[in-house]
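Notes follow once the structure below has been shown.
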Amino acid sequence: MSDLPLILGIESSCDETGVALVRGCELLGDSVASSVDQHVRFGGVVPEVASRAHLEAMTPTVRRALDSAGAKLSDVDAIAVTAGPGLAGALLVGVSAAKAYSMALGKPLYGVNHLVGHVAVDQLEHGPLPKPAIALLVSGGHTSLLLVNDLATDVVSLGDTVDDAAGEAYDKVARLLELPYPGGPPIDKAAQKGNAKAMRFPRGKWGDGTYDFSFSGLKTAVARHVEDADRQGLPLVVADIAAAFQESVVDVLTRKAVDACVEHGVSTLVISGGVAANSALRALAEQRCRDAGIELRVPRPRLCTDNGAMIAALGAEVVAAGLPPSALDLATDTSLPVESPLAT
Amino acid sequence: MLLLAFDTATPAVTAAIGESAPDGAFTLRAGASSVDARRHGELLSPTVQRLTEEAGVTLADLDAIAVGIGPGPYTGLRVGLATAHALADALGVPCHGVTTLDALAFATGRTEPFLAMTDARRKEVFWARYDDRLTRVGEVGVARPAELDTGGLPLVGDGARMYAEVLGAGTADPAPLHPDAAAMAELALLRLSRGVELPAPNPLYLRRPDAVVPGAPKKVRQWVK
Ligand SMILES: [Zn+2]
């Protein structure tokens with residue numbers, strides 16, 4: 001194993017500054033500094049606040065990651081960094097730092113795709129990913145269904161959200177229910193005590209023959225329900241609303257993911273991203289994958305959220321595939337398409 | 001002492017490698033500037049790489065780094081700071097901050113009082129007052145040009161050029177418009193040789209982030225009163 005290159009991965013696309021060291025499919029050490037606490041009162045990530053936090057956290061996070069891996073910078077063989085998609089100012093901090101480390105160490109730089117990183121990280125948990133695989137990425141920033149033929153060279157987008165990301169819908173509904181931000185964990189918790197059948201919310205783009213998603217209609221339906229109850233002076237049964245909302249989200253997500261596996265004859269589904277930790281999503285995905293004979297792979301929660309390990313894991317794949325490094329004039333790309341695992 | 005200086009707090013990306021002899025004499029080994037407000041992140045590292053080749057040195061030969069800490073538009077500013085922090089971390093050398101307006105002021109060579117100002121966007125300028133090229137009076141600030149009392153002093157920098165009409169007298173000769181890392185390197189080495197402590201390499205933002213705490217959710221039913 002030790003003849004494989006040591007990859008330093010740097011992530012700064014949203015509100016987590018993540019750095020990790022990976023060799024092949026082995027995570028040797030990582031560190032994440034989050035600015036989430038600074039965004040709470042704004043009910044969402046404030047780009048300028050996130051960018052400021054990245055700059056402050058970057059080199060200390062690199063140091064902590066090295067310490068946790070028991071490695072020195074001089075041991076690093078290549079540097080991988082998120083080139084996109086993500087917030088412009090946030091991405092620039094990580095890419096600027098990565099270029100500087102690359103120059104100073106004389107080691108190659110690889111600007112990689114954040115979305116594909118979310119899939120690659122599963123290799124650190126469950127070993128090499130079977131080819132092909134279907135991946136469902138669900139977080140505050142993304143809701144994507146991907147056909148992954150090869151992590152480094154061949155990823156196809158099957159569908160995406162046409163409006164809000166799944167995690168964003170959680171945040172907005174949490175606000176309606178006066179639950180804290182980020183909305184995922186409190187809604188998940190409330191839902192466990194609720195009756196999902198107490199009401200039925202719409203399933204956006206259900207059975208429309210695409211792998212796209214839509215959550216804004218669902219959010220509006222919840223808002224309407226809350227307003228109506230308010231107007232009629234009825235008590236708000238938060239647990240039931242949370243459970244019914246959550247069921248609507250995970251029903252569409254898991255159905256489309258399993259449909260994609262069946263249609264493409266793929267027997268492995270990876271679910272990653274911050275929302276992958278959601279208990280209802282996991283439970284329904286497990287059941288439907290079992291019924292369809294599909295192997296379900298969900299990395300542990302710490303690896304599902306944004307981190308440097310996902311970027312280092314993809315960097316390791318890109319290096320192993322023999323792809324050329326990125327040039328020092330590598331540009332960030334806030335909407336880097338998932339078809340580009342390596343930015344050029 | 002071999003020092004790499006760069007600044008990305010204005011539309012310019014400027015970098016230089018300078019050297020000070022034991023007697024304090026300054027030699028510019030290599031320097032380059034380009035003006036492209038949208039490509040700091042793409043331009044800075046290749047420029048630094050090229051300058052080391054031109055100067056016939058490697059990054060490992062550097063004794064210190066000096067970086068412009070602004071004030072300046074934040075996204076560009078952070079490119080320089082993130083680069084400087086990481087270089088210093090990887091090379092194990094000290095990293096010093098230089099106020100961008102101080103570098104601009106130093107490059108004027110002026111011996112009489114003046115104001116230096118750069119574009120702060122949103123119809124404002126970042127500014128500071130100097131008694132001469134080396135001596136700033138007070139802190140750097142951000143202001144609307146019309147509300148700035150220039151005292152009729154000469155004004156330099158791109159901010160003076162942009163708002164010449166509002167600022168009136170003093171804007172006749174606003175050069176240099178942007179900071180030059182060659183001057184920044186010389187200024188940093190001069191201060192270091194005199195034992196003057198340079199600022200930490202942290203950004204001078206001067207403004208809070210724009211962010212509003214959300215109010216109550218918008219009503220979705222139009223007829224709800
Ligand atoms: Zn993500």
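Lettering follows sequence order; numbering is per chain, from 1.
Of the two parts of B/Leu87, the backbone and the side chain both hold a non-hydrogen atom closer than 4.5 Å to a non-hydrogen atom of chain A. For A/Leu330, the part lying near chain B is the backbone, with the side chain staying farther off; criterion is any non-hydrogen pair under 4.5 Å. B/Asp210 touches chain A through its backbone: at least one of N, CA, C or O sits under 4.5 Å from a heavy atom, while the side chain does not. Of the atoms belonging to A/Val93, heavy atoms from both backbone and side chain fall under 4.5 Å from chain B. Using a 4.5 Å cut-off between heavy atoms, B/Arg208 contacts chain A through its backbone alone, with no side-chain atom that close. Both the backbone and the side chain of A/Arg52 come within less than 4.5 Å of a heavy atom in chain B. For A/Met58, no part lies under 4.5 angstrom from a heavy atom of chain B. No part of A/Val226 comes within reach of chain B, as not one of its non-hydrogen atoms sits under 4.5 angstrom from that chain.
Heavy-atom pairs under 4.5 Å with chain A were tallied for B/Glu42, B/Arg39, B/Gln49; the largest tally goes to B/Glu42. When each of B/Leu91, B/Leu62, B/Val79 is scored by its heavy-atom pairs under 4.5 Å with chain A, the top score falls to B/Val79. Looking only at heavy-atom pairs under 4.5 Å with chain A, the residue among B/Gly80, B/Gly76, B/Pro209 that has the most is B/Pro209. Of the residues considered (A/Leu55, A/Thr332, A/Leu176), A/Leu55 shows the highest number of contacts with chain B, using heavy-atom pairs under 4.5 Å.
Counting heavy-atom neighbours within 6.0 Å of A/Gln232 CD, excluding the residue itself, gives a total above 12. A 6.0 Å sphere centred on CD of B/Glu53 holds more than 12 heavy atoms belonging to other residues, nucleotides or ligands. No more than 12 heavy atoms of other residues, nucleotides or ligands sit less than 6.0 Å from atom CZ of B/Arg38. Counted within 6.0 Å of CD on A/Glu48, heavy atoms from surrounding residues, nucleotides or ligands total more than 12; the atom is thus considered enclosed.
Between A/Thr334 and A/Pro85 there is no side-chain heavy-atom pair separated by less than 4.5 Å.
Checked for salt-bridge contact, A/Arg231 and A/Glu227 miss the test: no charged N lies under 4.0 Å from a carboxylate O.
Annotation: the span from B/Phe6 atom CZ to B/Leu44 atom CG amounts to 5.5 Å, rounded to 0.5 Å.
Aromatic ring centres of A/Tyr181 and A/Phe42: separated by at least 6.0 Å.
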